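Read the structure below first, then the notes.
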Amino acid sequence: MAAGTVPQQAPNLREPKGWRRTKNRIATALMVLAFILVIIPLGFVLYTVVARGASIISWQFLTGSPIPPNTLPASIGGMWPAVLGTLTITGLATLMAVPLGILGAVYLNEYGGKNWLATLIGFMSDVMTGVPSIVMGLFIFSIWVLHFGYSGLAGAFALGCLMLPIVIRSTYEMLRLVPNSLREGSYALGATKARVTVTVVLPAAIGGIVSGALLAVARAAGETAPLLFTILTVTAANPNVFSGANTSLPSQIFSNASQPYVGAQDRGWGAALTLIAICFILMIAARVVTARFTRYSR
Amino acid sequence: MEQPEQKIATQTELPKPAALQEPRPSAAAVSDTPGATVFDSKNVSIYYSSFRAVTDVSLSIYENEITAFIGPSGCGKTTVLRTLNRMNDLIPGARVEGDVHYRGESLYATGVSPISVRRRIGMVFQKPNPFPKSIYDNVAYGPRINGIRNKGKLDEIVEKSLRGAALWDEVKNRLNKSGLGLSGGQAQRLCIARTLAVEPDVVLMDEPCSALDPIATGAIEDLMHEIKSRYTIVIVTHNMQQATRVSDRTAFYSVLRDEKSDTRTGVLVEYGRTEQIFNDPQDERTKAYVTGRMG
């Protein structure tokens with residue numbers, strides 16, 4: 001090649017002009033717009049709840065009991081019965097749904113494969129995701145509450161039914177992402193299937209599994225409909241989650257916010273902010289715990 | 001992460017094959033008269049559902065030798081390798097016809113546990129696959145499966161295995177760091193260390209260097225030479241130079257195409273000492289492959 005005989009033209013490395021550049025800019029603008037549209041309602045909800053609820057929140061509001069009658073101002077009494085109810089009922093539902101859901105997903109992905117039982121369970125679990133939450137409440141009402149009465153336990157059953165398919169689906173997707181090469185590496189050392197699952201597959205997926213479980217917990221903690229028929233809505237604290245009518249933050253938001261009295265409405269806003277704060281703290285705590293488990297994953 | 005204790009104490013007392021108890025003379029000393037037969041495959045055909053991937057493979061693999069499987073892509077060398085420790089069991093629809101004997105015992109007889117088979121016959125994979133655990137826990141994984149809990153004993157095994165895989169000096173100061181932070185060559189040596197930690201009788205290697213650069217490849221090949229006095233090694237490789245560098249015996253596989261049904265299946269074309277396969281191949285197909293005219 002006779003280099004140097006032909007004068008070299010400087011390569012044009014600048015962004016091409018014309019339609020291609022215009023398309024790129026339009027797409028970028030649309031993405032920014034979509035992001036702003038998503039952020040507006042989210043920010044507005046948060047702003048409203050904080051603006052209306054922050055002044056109500058006090059130690060007295062969080063720990064005071066019982067919840068006073070609707071006509072009284074928010075400075076009297078407190079939300080403790082609802083905070084306690086939400087923590088115990090959601091906690092109990094989590095204890096029921098999360099282990100069961102994870103085990104179910106392990107069966108679906110690691111053991112069942114494509115057999116008819118796994119296919120059926122997977123399908124039913126997907127159908128369950130679409131069942132309206134109030135139907136879950138009615139279901140527990142008819143098979144449990146009619147025989148044993150209102151209780152936090154009944155509420156936990158309803159919330160558990162709601163959480164179960166979410167936990168199964170999210171865990172299943174996480175287990176599917178674990179590369180097969182890890183399983184083979186473990187099998188090649190003479191591990192049994194149970195060993196492979198417990199010591200390699202689950203630890204490799206734990207971050208995503210916890211995220212999915214948290215999503216389910218947050219969803220359950222904010223549900224009102226399944227609790228209407230299962231715990232009733234009382235105003236006195238009931239520390240016994242296994243028996244007697246109970247209450248919860250979403251139930252209190254519903255019953256207070258629909259009142260014409262200012263005190264009750266204030267209590268509703270306060271309860272809403274409390275609920276958001278509880279979910280937020282839970283998320284952070286779970287992230288910290290998961291970080292410990294996943295410290296070798298990167 | 002610590003795992004709950006499992007009750008498998010009975011399996012800690014696995015009787016070791018004779019080969020592990022006494023150091024053996026190096027393979028060079030027994031080059032012309034092969035050592036004991038470790039594997040004896042007879043008329044092995046392997047199916048994936050209805051597809052016959054490999055047809056009628058018969059060969060014997062000898063103790064303290066490195067046996068290389070070479071051949072073009074899709075000829076079934078990896079598939080044959082995976083019959084030797086029943087890894088094919090993990091693939092749905094995979095089925096083996098014929099028989100593979102390991103030290104006189106049929107691997108596919110009823111009652112044979114693939115778990116017990118794999119504790120004796122380890123495997124290193126094409127892509128390094130360290131667990132998302134610390135370097136220490138990666139190596140200690142196998143011994144822990146076998147019920148070893150004693151910290152001192154585990155420390156000893158981890159150091160010995162990492163030294164055996166020529167990795168100790170590079171990682172001794174970061175044993176509690178993630179195994180995923182290692183370079184490709186280091187990660188593959190970690191996987192070899194993990195395999196050596198359970199003191200297997202045989203190490204199967206499925207293209208262990210295909211993802212590595214020449215320097216890391218050299219390190220692994222040196223390692224194979226060092227450990228072959230204690231283990232029997234079977235390696236699948238795409239690299240013919242690698243086969244000539246490391247192996248005592250070479251098996252050449254090829255693809256047989258049936259014109260009538262337009263189906264393909266892998267066959268063992270020629271098996272013999274590596275010098276013979278490369279310098280004096282008896283089959284035209286082998287000759288074409290090793291001289292670079294095909295594949």
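Chain letters run A, B, ... following the sequence lines, proteins first, then strands; residues in each count from 1. Atom set for the values below is all heavy atoms of this structure, side chains included, hydrogens, waters and symmetry mates excluded. Quick caveat, the model's predicted, so the values are computed rather than measured.
- Checked by atom type and distance alone, the side chain of B/Asn129 pairs as donor or acceptor with a backbone atom of A/Ser181 at under 3.5 Å.
- Between B/Glu105 and B/Arg120 no salt bridge is recorded (no basic side-chain N to carboxylate O distance below 4.0 Å).
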* Begin from the C-alpha positions of B/Asp201 and B/Tyr102 and carry the test side chain to side chain donor-acceptor pair (under 3.5 Å) through to its verdict. => CA-CA 11 Å; B/Asp201 180 24; B/Tyr102 163 67; 2.5 Å; yes
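- Side chain to side chain, B/Thr79 and B/Tyr48 meet the donor-acceptor criterion of an N or O pair below 3.5 Å.
- Between A/Phe148 and A/Trp144, the ring planes lie tilted relative to each other; the angle falls in the 30° to 60° range.
- Using a 4.5 Å cut-off between heavy atoms, B/Arg194 touches chain A through backbone and side chain atoms alike.
- Heavy-atom pairs under 4.5 Å with chain A were tallied for B/Gly122, B/Ser134, B/Gly179, B/Cys191; the largest tally goes to B/Ser134.
- In this structure, chain A has no heavy atom under 4.5 Å from any part of B/Pro114.
- Heavy atoms of B/Leu204 lying under 4.5 Å from chain A are absent altogether.
- Heavy atoms of B/Phe125 lying under 4.5 Å from chain A belong exclusively to its side chain.
- Top candidate by heavy-atom pairs under 4.5 Å with chain A, chosen from B/Met87, B/Lys127, B/Lys177, is B/Met87.
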